Amino acid sequence: MTDQKSDSTPNDGSVDSNTSSNFIRNKIAHNLKENKHGGRVHTRFPPEPNGYLHIGHAKSICLNFTVAAENSGLCNLRFDDTNPEKESQEYVDAIKDNISWLGFQWNGQVRYSSNYFEQLYGFAVQLIESGKAYVCDLSADEAREYRGTLTEAGKNSPNRGRAVAESLDLFQRMRAGEFADGACSLRAKIDMASPNMNMRDPVLYRIRHIEHHQTGTEWCIYPTYDYTHCISDAIEGITHSLCTLEFEDHRPLYDWILHNLSLDSLHHASDLDKSDYDYVLPEQTEFAKLKLNYTIVGKRKLKEMVDTHVVDGWDDPRMPTLAGLRRRGFTAAAIRNFCESVGVARSESIVDLGMLEHAIRDDLDKNSPRAICVLDPLVVVLTNVPADHLETLDMANHPKNEEMGRRSVPFTQRIVIDRSDFEEVPPPGFKRLTAGGEVRLRGAYVIKCDDVVKDDAGKVVELHCSIDLDTLGKKPEGRKVKGVIHWVSESRGVPLQVHLYDRLFNVENPESKDIEDFRDCLNENSLIRLDNCIAEPSIAEHGAATSFQFEREGYYCRDEKESREGKLVFNRTITLRDSW
RNA sequence: UGGGGUGUCGCCAAGUGGUAAGGCACAAGGUUUUGAUCCUUGCAUGCGUUGGUUCGAAUCCAGCCACCCCAGCCA
């Protein structure tokens with residue numbers, strides 16, 4: 001996906017269900033009513049390119065883009081790339097790709113905080129000149145000691161009273177590369193006794209002689225998040241700066257920086273410079289992060305799982321990353337609907353995985369064509385059918401949506417059914433095939449099991465059944481056959497490998513502080529590979545869909561990464577609900 | 001124990017002084033050639049807790065309790 005050229009392309013990431021009110025929508029409606037930003041709503045999604053996006057980011061993406069779209073507003077994509085140490089172009093590319101896949105289009109070109117390095121530098125000079133910032137010689141360790149603690153005030157840096165001219169000179173020399181990493185820093189002059197630690201003369205610039213993925217070696221001083229974010233928002237004309245709860249304590253600093261810069265200079269530096277809109281400073285609003293039970297959403301741990309090969313990569317289908325969910329068979333619409341159903345609030349909560357599962361089942365049930373696949377084949381020989389029999393059965397691709405068309409399924413003398421659909425001694429309530437019992441073959445005939453063939457070890461190897469020729473498309477005479485099972489022609493079916501996925505962790509909260517190492521609660525059975533599956537031939541045809549409901553089993557999608565000519569691999573996205 | 005937040009059904013969540021929306025989950029019925037889907041019904045005299053104000057409180061006030069975040073030159 002390349003950068004968007006249009007300035008006003010509406011986002012098409014729509015949601016099926018009705019939207020409900022939340023405090024951010026209410027706040028925006030209120031601002032609109034007061035005409036605070038001249039009717040504008042302009043948000044931004046500001047990831048740091050230091051990892052892949054996950055389901056938690058999806059919540060923020062959906063929030064920012066939909067809230068803008070609902071109000072005919074705009075949403076920027078801005079990479080918050082102020083710490084080159086952990087960032088890379090690989091992540092930039094993956095993030096852009098994920099957002100597009102989710103169905104959103106950002107306003108104009110992709111932005112980078114690093115686009116504003118020169119302006120940011122100029123604003124820093126402005127703060128120094130007005131006595132609001134100074135160059136500090138304290139080392140990181142010393143600064144920590146001077147900062148005080150949660151309950152004790154800090155001490156002023158010895159350089160706090162440094163003359164403006166001297167700080168100006170030093171800052172210029174920091175930029176020129178005269179000092180080693182950590183030798184000094186630029187700090188805001190606020191209040192070392194503030195109960196809010198963020199206000200105890202926070203660092204604005206630090207020295208890092210390191211290459212940046214966007215600016216190369218142009219800079220050796222890099223602005224911090226706190227200093228950069230608010231000014232970047234102001235430059236882009238953001239009206240509502242939405243972020244997560246842990247930044248709440250940073251809001252006073254966000255406001256301090258903007259209010260201690262000249263409003264005119266911010267206005268002139270901004271995208272709104274030549275517009276007719278009044279220039280109003282952006283406002284930060286915080287909401288709770290999305291957490292899901294049985295899963296980890298923490299970049300550090302996700303990266304660790306990738307690096308230590310607990311999973312196969314960022315796009316492993318068990319990962320909560322957008323890349324992983326996509327490969328698993330989740331649709332963008334399902335993720336959008338899920339985010340909408342979860343809502344946005346300020347209380348920290350852990351959403352039940354069942355909600356995500358519901359969202360994907362809901363979408364796939366409506367939109368995926370049906371097919372038949374037998375995961376654990378057991379041969380059934382139809383004794384009253386000729387050995388060379390080949391019949392073509394016509395089946396609907398979707399039970400409720402005729403528009404999805406129909407398909408042909410070959411029926412032969414030897415077929416396979418799933419081993420779990422036969423029981424010699426059935427448990428109470430069992431509705432499938434039993435010795436001597438009858439069952440309906442989905443889309444075909446009713447069969448009766450006459451004979452159970454076993455090997456020397458007593459394992460069932462084959463079933464001999466007779467079919468009732470008068471039951472194709474009609475109910476059997478004089479009796480009721482309750483069960484329906486699926487089947488595939490043994491000779492005409494196509495072999496495939498199927499990957500069965502389950503949750504990665506076997507505890508509800510693998511990120512809990514009680515758990516020292518997440519490796520201790522890994523689900524051993526999170527991936528099961530089935531090598532002998534066999535499916536109806538239509539799924540392998542040229543132009544076939546890539547995502548199906550394998551009837552009575554669940555939703556499966558072709559794994560594009562592992563499938564190749566002559567070797568089909570399918571991933572189980574999610575099982576069907578099962579009340580049996 | 002300084003500061004900032006949050007507490008409404010098992011899980012999310014609406015509600016902003018007029019008598020507890022919705023979704024998920026769960027349960028019971030019905031339809032069904034997928035034990036799926038779909039349909040119907042049920043599911044908080046109760047809103048962390050204790051007091052107070054009021055004709056009336058989840059909503060206002062006070063106290064208490066629990067949990068989360070903050071002492072990176074990370075974001």
Side-chain angles (χ1 to χ4, degrees), chain A residues 17-18 20-22 26 46-48 50 80-83 85-87 136 138-141 143-145 147-154 181-187 194-200 202-208 221-222 224-226 228-229 243-252 286 288 290 293 299 338 340-359 361-362 365-366 370 372 395 398-400 429-432 440-446 471 473-475 481-486 549-554 575-580:
Chain A
S17 53
N18 298 330
S20 81
S21 90
N22 63 50
N26 293 347
E48 184 190 14
N50 67 347
D80 215 336
D81 55 349
T82 55
N83 183 11
E85 233 162 325
K86 297 190 287 179
E87 303 162 3
C136 175
L138 255 28
S139 69
D141 285 343
R144 179 164 46 248
E145 280 168 35
R147 192 154 33 234
T149 68
L150 293 178
T151 52
E152 296 165 62
D181 287 6
C184 50
S185 63
L186 183 73
R187 295 228 256 160
S194 171
N196 181 345
M197 301 300 287
N198 297 118
M199 300 299 270
R200 322 247 263 224
V203 169
L204 269 23
Y205 269 90
R206 70 288 216 193
I207 302 172
R208 284 288 123 83
I221 57 172
Y222 291 99
T224 55
Y225 162 84
D226 284 308
T228 307
H229 206 90
C243 64
T244 45
L245 252 23
E246 69 269 28
F247 293 104
E248 210 162 2
D249 290 343
H250 295 242
R251 195 184 339 134
E286 312 84 13
L290 171 66
N293 59 8
K299 262 190 205 169
F338 167 71
E340 183 58 40
S341 77
V342 155
V344 180
R346 287 178 61 85
S347 70
E348 298 176 45
S349 51
I350 299 178
V351 174
D352 196 307
L353 239 201
M355 286 229 227
L356 218 210
E357 295 177 342
H358 173 263
R361 284 196 184 104
D362 195 45
D365 174 58
K366 289 189 188 76
R370 313 285 120 130
I372 304 179
M395 295 188 201
H398 193 284
K400 293 189 169 175
F430 190 75
K431 299 203 319 199
R432 287 104 97 156
R440 158 79 64 183
L441 253 25
R442 167 117 255 232
Y445 304 86
V446 168
T471 53
K474 46 177 141 159
K475 297 201 184 332
V481 175
K482 280 184 303 221
V484 179
I485 65 173
H486 55 102
Q549 182 199 93
F550 287 161
E551 288 194 293
R552 299 212 315 130
E553 290 290 354
T575 61
L576 251 30
R577 276 187 75 215
D578 187 7
S579 55
W580 162 238

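Quick caveat, the model's predicted, so the values are computed rather than measured.
Here A:S21 reaches the OP1 or OP2 of B:rG15: one of its side-chain N or O atoms lies under 4.0 Å away. Within the structure, every side-chain polar atom (N or O) of A:K400 is placed at least 4.0 Å from both OP1 and OP2 of B:rC38. Remark: A:S194 is not in phosphate contact with B:rG3, judged by side-chain N or O atoms under 4.0 Å from OP1 or OP2. For B:rA36, the OP1/OP2 oxygens have a side-chain nitrogen or oxygen of A:S579 closer than 4.0 Å. Between B:rA75 and A:R206, a contact under 4.0 Å exists linking OP1 or OP2 to a side-chain N or O. For B:rC74, one of the phosphate oxygens OP1 or OP2 lies less than 4.0 angstrom from a side-chain nitrogen or oxygen of A:R208.
You'll find that the side chain of A:K475 is closest to B:rU33, out of B:rU37, B:rU33, B:rC73. Closest to the A:N22 side chain, of the nucleotides B:rA75, B:rA14, B:rG2, is B:rA14. With B:rA36, B:rA13, B:rG35 as the choices, the nucleotide that has an atom nearest any side-chain atom of A:L576 turns out to be B:rA36.
Contact annotation for A:V344: backbone-only contact, meaning every heavy-atom pair under 4.0 Å involves sugar-phosphate atoms and none involves a base. Among the atoms of the strands shown, base atoms are found under 4.0 Å from some heavy atom of A:L138. A:E152 comes within 4.0 angstrom of no nucleic acid atom, judged by non-hydrogen atoms across all strands. Within 4.0 Å (heavy atoms only), A:F338 reaches no atom of the nucleic acid at all. Base contact: A:R370 has a heavy atom under 4.0 Å from a base atom. Within 4.0 Å of A:R346, counting heavy atoms only, lie sugar-phosphate atoms of the nucleic acid but no base atom.
In this structure, the side-chain contact (heavy atoms from CB on, under 4.5 Å) partners of A:R346, at least two apart in sequence or on a different chain, are A:F23, A:L245, A:E248, A:E286. Listed by chain and residue number, nothing satisfies the salt bridge (Lys or Arg N to Asp or Glu O under 4.0 Å) test with A:D578 (two or more places apart in sequence, or in another chain). Residues satisfying the salt bridge (Lys or Arg N to Asp or Glu O under 4.0 Å) criterion with A:R208, sequence neighbours excluded, are A:E85.
Annotation for A:H486 and A:R442: closest pair CA-CB, 4.3 Å, computed over non-hydrogen atoms. In terms of heavy-atom proximity, A:S341 sits nearest to A:M355 at OG-SD, 4.3 Å.
At a cut-off of 3.5 angstrom, counting only N and O atoms as typed in the model, there is no donor on one side facing an acceptor on the other between the side-chain of A:E553 and the base of B:rU34. The base of B:rU34 is not paired with the side chain of A:R552 by any donor and acceptor separated by under 3.5 Å.
When atom types are taken as modelled, the side chain of A:D249 and the backbone of A:N196 share no donor-acceptor pair closer than 3.5 angstrom. Between the A:R200 side chain and the A:S194 main chain, a donor and an acceptor come within less than 3.5 Å of each other. Checking side-chain atoms of A:S185 against main-chain N and O of A:V203 turns up no donor-acceptor pair under 3.5 Å.
By the 30° and 60° cut-offs, the orientation of the rings of A:F247 relative to A:H250 is perpendicular.
B:rU19 and B:rA27 have their P atoms separated by 33 Å, with the value rounded to a whole Å. Using P as the reference atom, B:rA20 and B:rC9 are 16 Å apart when rounded to the nearest Å.
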Review item, nucleotides 20-25 of chain B N/O atoms under 3.5 Å of protein N/O:
residue	atom	partner	partner atom	Å
B:rC24	OP1	A:H358	NE2	3.2

Mind listing the N/O atom pairs, protein and nucleotides 66-72 of chain B, below 3.5 Å?
residue	atom	partner	partner atom	Å
B:rC68	O2'	A:E348	OE1	2.8
B:rC68	O2'	A:E348	OE2	2.7
B:rC69	OP1	A:K513	NZ	3.3
B:rC69	OP2	A:K513	NZ	3.2
B:rA71	O2'	A:R147	NE	3.1
B:rG72	OP2	A:R147	NH2	2.9

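Judged by ring centres under 5.5 Å apart and planes tilted less than 30 degrees, A:W580 stacks against the six-membered base ring of B:rG35.
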For RNA chain B, what is the dot-bracket line, given that a base pair needs Watson-Crick (N1 to N3, plus N6-O4 or O6-N4) or G-U wobble (N1-O2 and O6-N3) geometry with both distances under 3.5 Å, and | means paired with another strand? .(((((((.[[[..)..(...]]].(((((.......))))).....[[[[[..)....]]]]])))))).....
Check the pair A:L138, A:E145 against side-chain contact (heavy atoms from CB on, under 4.5 Å), reporting the backbone distance first and the verdict last. CA-CA 10 Å; A:L138 255 28; A:E145 280 168 35; over 6 Å; no
CA sep, side-chain torsions, deciding dist, call: A:T82, A:Y222, side-chain contact (heavy atoms from CB on, under 4.5 Å): CA-CA 6 Å; A:T82 55; A:Y222 291 99; 5.6 Å; no
Full working for side-chain contact (heavy atoms from CB on, under 4.5 Å) between A:V351 and A:N293: CA-CA 6 Å; A:V351 174; A:N293 59 8; over 6 Å; no
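With salt bridges taken as basic N to acidic carboxylate O contacts below 4.0 Å, one links A:R370 and A:D365.
Annotation: of the two residues near RNA chain B, A:E248 and A:N83, the 5′-most nearest-nucleotide partner is A:E248. Heavy-atom nearest nucleotides on RNA chain B were determined for A:G429 and for A:A288, and the one closer to the 5' end corresponds to A:A288.
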